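Note that the structure is a prediction, hence the values are computed from the model and not measured. Along the sequence shown, residues carry numbers from 1.
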Amino acid sequence: APSGKELKSNIWLTHIPKCGGSSIIDALRDFSENNYTLLRYEWVGTKCVKFIRPDNTYLITNHYNPLPNDYQNFVKIAIIRNPLDRFISTYNFTRLRDDFKFDYSLKRWLGQKKYLAWSFPLVDALNYYSEVDKSIEEWVEILDYIYDVKEQDKLLDYLDLWVGGKLKREKTNVTQDNWNPKLPYLQKHQLTDKDLDKIYRTDFMKKDCEQYKVLKEHGKNKFNNKS
């Protein structure tokens, strides 16, 4: 279990796109709205949100929030995801947005680069907005917890202790829930060997697979060491 000192610390939780971060944010927001004396939240600019406890310690999260300069004073958490699952989720999600054409086939979508704005490889996302880019080896040393998105309940268990109550465990911002029924929703089993070959040949997937393998391996070690 986390130490008492750790549970009194600030938390930096990075929100890598398409890694389940919205569910964590909404769980914290729902808790704060119902238990405002234990937790309140405020937006920091347009990119970050703070969840603040009565003693003014806080958790800061959302897309691309930079690692604090005094990060030694924070518990640092990242959520990662299987690259192919993340890629498919990004493809489906971006097709729902107004700035993407709904009739994009996978072939056409791979041929244009707009998707890169939504789905950086994992370490590129961690470095976004940082003053100095860090290597994957440096991130492994910096991060205290590295959870796979499939371990989300373990992260919620940790945050339950931090907030002093139970958080709701509902997945939110799930693409299927927002899907336009007139559009075909891409699922993994529908991909052909040719599709997979094209996907895995992209620079994004090459980097993401390499980075996921390293972070996943060290994520298990880090979590087990703290359990």
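Here the side chains of I77 and L143 are not in contact, with every heavy-atom distance at 4.5 Å or above. Counting heavy atoms from C-beta on, the side chains of D30 and L167 never come closer than 4.5 Å. At least one side-chain heavy atom of R29 sits under 4.5 Å from a side-chain heavy atom of F51. I80 is not listed as a side-chain neighbour of V149, based on a closest heavy-atom distance of 4.5 Å or more. Annotation: side chain of P83 is not in contact with side chain of Q211 (no heavy-atom distance under 4.5 Å). Counting heavy atoms from C-beta on, the side chains of V140 and L215 come closer than 4.5 Å. Between D160 and R169, the closest side-chain pair of non-hydrogen atoms falls below 4.5 Å. Contact annotation: the side chain of V49 never approaches that of V44 to less than 4.5 Å [non-hydrogen atoms, C-beta and beyond].
No donor-acceptor pair under 3.5 Å is formed between the side chain of T57 and the backbone N or O of R53. No donor-acceptor pair closer than 3.5 Å links the side chain of N10 to the backbone N or O of L59. Put simply, the side chain of Y91 gets close to the backbone of L106: a donor and an acceptor are under 3.5 Å apart. Proximity of a side-chain donor or acceptor of W162 to a complementary backbone N or O of S9 within less than 3.5 Å is detected. Side chain of R86 to backbone of P17: a donor-acceptor contact under 3.5 angstrom is found.
Under the 4.0 Å criterion applied to side-chain N and carboxylate O atoms, R40 and E42 are assigned as salt-bridge partners. With respect to the salt-bridge test (charged N to carboxylate O, under 4.0 angstrom), the residues D157 and K154 do not qualify.
Rounding to the nearest 0.5 Å gives a distance of 10.0 Å between NZ of K168 and CG of D26. For the atom pair L28 CG and K50 NZ, the distance stands at 15.0 Å (nearest 0.5 Å). The distance from the CG atom of L122 to the CD1 atom of I146 is 10.0 Å, given to the nearest 0.5 Å. To the nearest 0.5 Å, atom CG of residue D208 and atom CG of residue D203 are 12.0 Å apart. With rounding to the nearest 0.5 Å, the separation of CG in L84 from OG in S89 is 11.0 Å. Rounded to the nearest 0.5 angstrom, Y41 OH and I60 CD1 are separated by 15.5 Å.
In D153, the CG atom is crowded: over 12 heavy atoms of neighbouring residues, nucleotides or ligands sit closer than 6.0 Å. Residue D55 qualifies as enclosed at atom CG: its count of foreign heavy atoms under 6.0 Å is above 12.
The side-chain contact (heavy atoms from CB on, under 4.5 Å) search around N62 returns H15, I25, W43, not counting sequence neighbours. Under the rule for a side-chain contact (heavy atoms from CB on, under 4.5 Å), the partners of N35 that lie at least two apart in sequence or sit in another chain are F31, L38. The side-chain contact (heavy atoms from CB on, under 4.5 Å) search around Y128 returns Y64, F120, not counting sequence neighbours. Annotation: side-chain contact (heavy atoms from CB on, under 4.5 Å) contacts of D197 (sequence neighbours excluded): R201. Partners of K206 by side-chain hydrogen bond (donor to acceptor under 3.5 Å, both in side chains), not counting sequence neighbours: none found. By the side-chain hydrogen bond (donor to acceptor under 3.5 Å, both in side chains) test, D195 pairs with T192, sequence neighbours left out.
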Set out, in order, the CA-CA distance, both residues' side-chain angles and the distance that settles side-chain contact (heavy atoms from CB on, under 4.5 Å) for L126 and T14, then state yes or no.
CA-CA 7 Å; L126 287 168; T14 187; 3.5 Å; yes
Walk me through whether Y147 and Q152 qualify under side-chain contact (heavy atoms from CB on, under 4.5 Å).
CA-CA 7 Å; Y147 294 94; Q152 193 175 81; over 6 Å; no
Take Y145 and Y158, measure what ring pair (Phe, Tyr, Trp, His ring centres under 6.0 Å) needs, and give me the verdict at the end.
CA-CA 10 Å; Y145 293 96; Y158 181 97; 5.0 Å; yes
Check the pair V214, H218 against side-chain contact (heavy atoms from CB on, under 4.5 Å), reporting the backbone distance first and the verdict last.
CA-CA 6 Å; V214 174; H218 286 84; 3.9 Å; yes
Evaluate the salt bridge (Lys or Arg N to Asp or Glu O under 4.0 Å) criterion for residues K188 and D85: first the C-alpha distance (whole Å), next the side-chain angles of each, then the deciding distance (0.1 Å), finally the verdict.
CA-CA 8 Å; K188 189 187 296 187; D85 292 338; 2.8 Å; yes
Go through I11 and L159 one step at a time and tell me if the side-chain contact (heavy atoms from CB on, under 4.5 Å) criterion holds.
CA-CA 10 Å; I11 295 178; L159 295 178; 4.0 Å; yes
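Of all heavy-atom pairs between Y71 and K76, the closest is O-NZ, 3.0 Å. I79 and D148 get closest at one heavy-atom pair: CG2-C, 4.3 Å.
Under the 4.5 Å side-chain heavy-atom criterion for ILVMFWY residues, a single connected hydrophobic cluster contains both I88 and L196.
Ring geometry for W139 against W12 counts as parallel: the plane angle stays under 30°, on a 0 to 90° scale with 60° as the upper cut.
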